[in-house]
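Here it is, the structure, as structure tokens.
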Amino acid sequence: ALFMENARKGSIVSRANSIGSTSASSVPNTDDEDSDYHQEPYKESYKDRRRRAHTQAEQKRRDAIKKGYDDLQAIVPTCEQQDFSIGSQKLSKAIVLQKTIDYIQFLHKEKKKQEEEVSTLRKDVMALKIMKVNYEQIVKAHQDNPNEGKDQVSDEVKFNVFQGIMDSLFQSFNASISVTSFQELSACVFSWIEEHCKPQTLRDIVIGVLHQLKSQLY
């Protein structure tokens, strides 16, 4: 009876151990497997977020570049003109950049040309202001003394003034004009007028003649 009782207890313990081993094998490892189960989705979601952020940044960059080229096409007039070499196709980025460069160079040339024209006009304005001051002084002198010097200036003096001015102009005219052909003569005349008949030049000639006559009269 004692032997049978011990055998029965051993059988129960053996079955308990077997059941415990089976149960333990079916229970997941909470230290390793749970850790892998939680970490793997975290790593995947982090990669997804990085990939999504990179995609969004790249899309923004492409949109900014596209907007820049669209703005250039809208601003540069030559980009809006029809280019028969490419037909109705959309302008490539290289063509847009080249047309933009050409247009900027054109604007630089126009600016330089306008600056030169402004400089010339300023010189003309300065000469006219000087002439205006001289004329105002002459008018004021006549208004203050309307009869002074009226009988002192003869026709001969006036002719000498005119002759002195014309002689000075003829010297430059004779040195500048070529009579090889009528066409060349015409071109030289206009060139001479532009060079030697400026208000400042004429003023200097008149002042020089008047000073010369004044020294002769007095």
Side-chain angles (χ1 to χ4, degrees), residues 68 70-83 91 95-218:
D70 292 340
D71 292 341
L72 284 178
Q73 285 188 259
I75 293 173
V76 179
T78 53
C79 289
E80 298 178 356
Q81 298 175 358
Q82 180 67 27
D83 193 342
L91 294 179
I95 294 177
V96 171
L97 287 178
Q98 186 60 51
K99 286 182 175 291
T100 303
I101 293 172
D102 294 340
Y103 185 63
I104 291 174
Q105 292 175 347
F106 167 76
L107 291 179
H108 278 301
K109 292 180 180 179
E110 287 295 313
K111 180 183 178 183
K112 185 177 180 181
K113 181 179 178 182
Q114 291 177 358
E115 289 176 349
E116 292 176 354
E117 292 177 353
V118 169
S119 179
T120 302
L121 291 174
R122 284 177 177 173
K123 292 180 180 178
D124 293 341
V125 169
M126 182 62 65
L128 291 173
K129 286 182 177 180
I130 295 173
M131 294 178 64
K132 176 177 177 292
V133 171
N134 290 331
Y135 286 134
E136 289 176 349
Q137 291 176 355
I138 293 173
V139 171
K140 186 176 183 301
H142 282 289
Q143 288 176 350
D144 294 341
N145 301 298
N147 297 322
E148 182 180 356
K150 184 176 181 182
D151 298 331
Q152 294 180 2
V153 178
S154 62
D155 293 337
E156 183 180 359
V157 175
K158 291 192 292 185
F159 178 76
N160 290 334
V161 172
F162 178 77
Q163 184 181 13
I165 295 173
M166 291 300 105
D167 287 344
S168 178
L169 290 175
F170 181 74
Q171 290 177 3
S172 63
F173 181 84
N174 190 38
S176 304
I177 301 302
S178 174
V179 292
T180 305
S181 63
F182 182 76
Q183 182 178 2
E184 189 173 355
L185 173 65
S186 302
C188 290
V189 167
F190 284 104
S191 177
W192 173 79
I193 291 174
E194 292 292 334
E195 180 66 23
H196 298 281
C197 294
K198 296 179 180 179
Q200 180 66 32
T201 304
L202 294 176
R203 174 183 175 275
D204 294 339
I205 292 173
V206 172
I207 292 175
V209 171
L210 292 175
H211 278 297
Q212 184 179 0
L213 291 175
K214 183 179 178 181
S215 61
Q216 293 176 1
L217 293 174
Y218 297 100

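Everything quoted here is computed from the prediction, not taken from an experiment.
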E136 CD: over 12 foreign heavy atoms closer than 6.0 Å: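 Enclosed.
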Apply side-chain contact (heavy atoms from CB on, under 4.5 Å) to the pair V76 and I104, showing each step before the final yes or no. CA-CA 9 Å; V76 179; I104 291 174; over 6 Å; no
Min side-chain heavy-atom separation F170-I177 under 4.5 Å: no
Only counting residues at least two apart or in another chain, list the ones meeting side-chain contact (heavy atoms from CB on, under 4.5 Å) with Q200. A127, I130, R203, D204
When you look at CD of E110, are more than 12 heavy atoms from neighbouring residues, nucleotides or ligands closer to it than 6.0 Å? yes
Exactly one of T78, V96, I95, T100 should register a side chain to side chain contact (heavy atoms under 4.5 Å, CB included) with Q73. Which one does? V96
Hey, does V209 have a side-chain heavy atom less than 4.5 Å from the side chain of N160? no
CZ-SG distance between F173 and C188, expressed to the nearest 0.5 angstrom: 9.0 Å
Tell me every residue that passes side-chain contact (heavy atoms from CB on, under 4.5 Å) with S191, counting only those two or more places apart in sequence or in another chain.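 For S191 there are no side-chain contact (heavy atoms from CB on, under 4.5 Å) partners, ignoring immediate neighbours.
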Nearest-0.5 Å distance that lies between atom OG in S178 and atom CD in E184: 3.5 Å
What pairs of donor and acceptor atoms, side-chain ones from residues 111-120 against any protein atom, are under 3.5 angstrom apart with sequence neighbours left out?
residue: T120; atom: OG1; partner: E116; partner atom: O; Å: 3.1

Does S168 reach the main-chain N or O of G164 with its side chain, forming a donor-acceptor pair under 3.5 Å?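 Such a contact is absent between S168 side chain and G164 backbone.
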Rounding to 0.5 Å, atoms CG (N174) and CG (D167) come to a distance of 11.5 Å
Side chains of H196 and S176: closer than 4.5 Å at any heavy-atom pair?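 A side-chain contact exists here, since the closest heavy-atom pair is under 4.5 Å.
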Would you say M126 has more than 12 foreign heavy atoms packed within less than 6.0 Å of its CE?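 Atom CE in M126 is not packed in, count stays at 12 or less.
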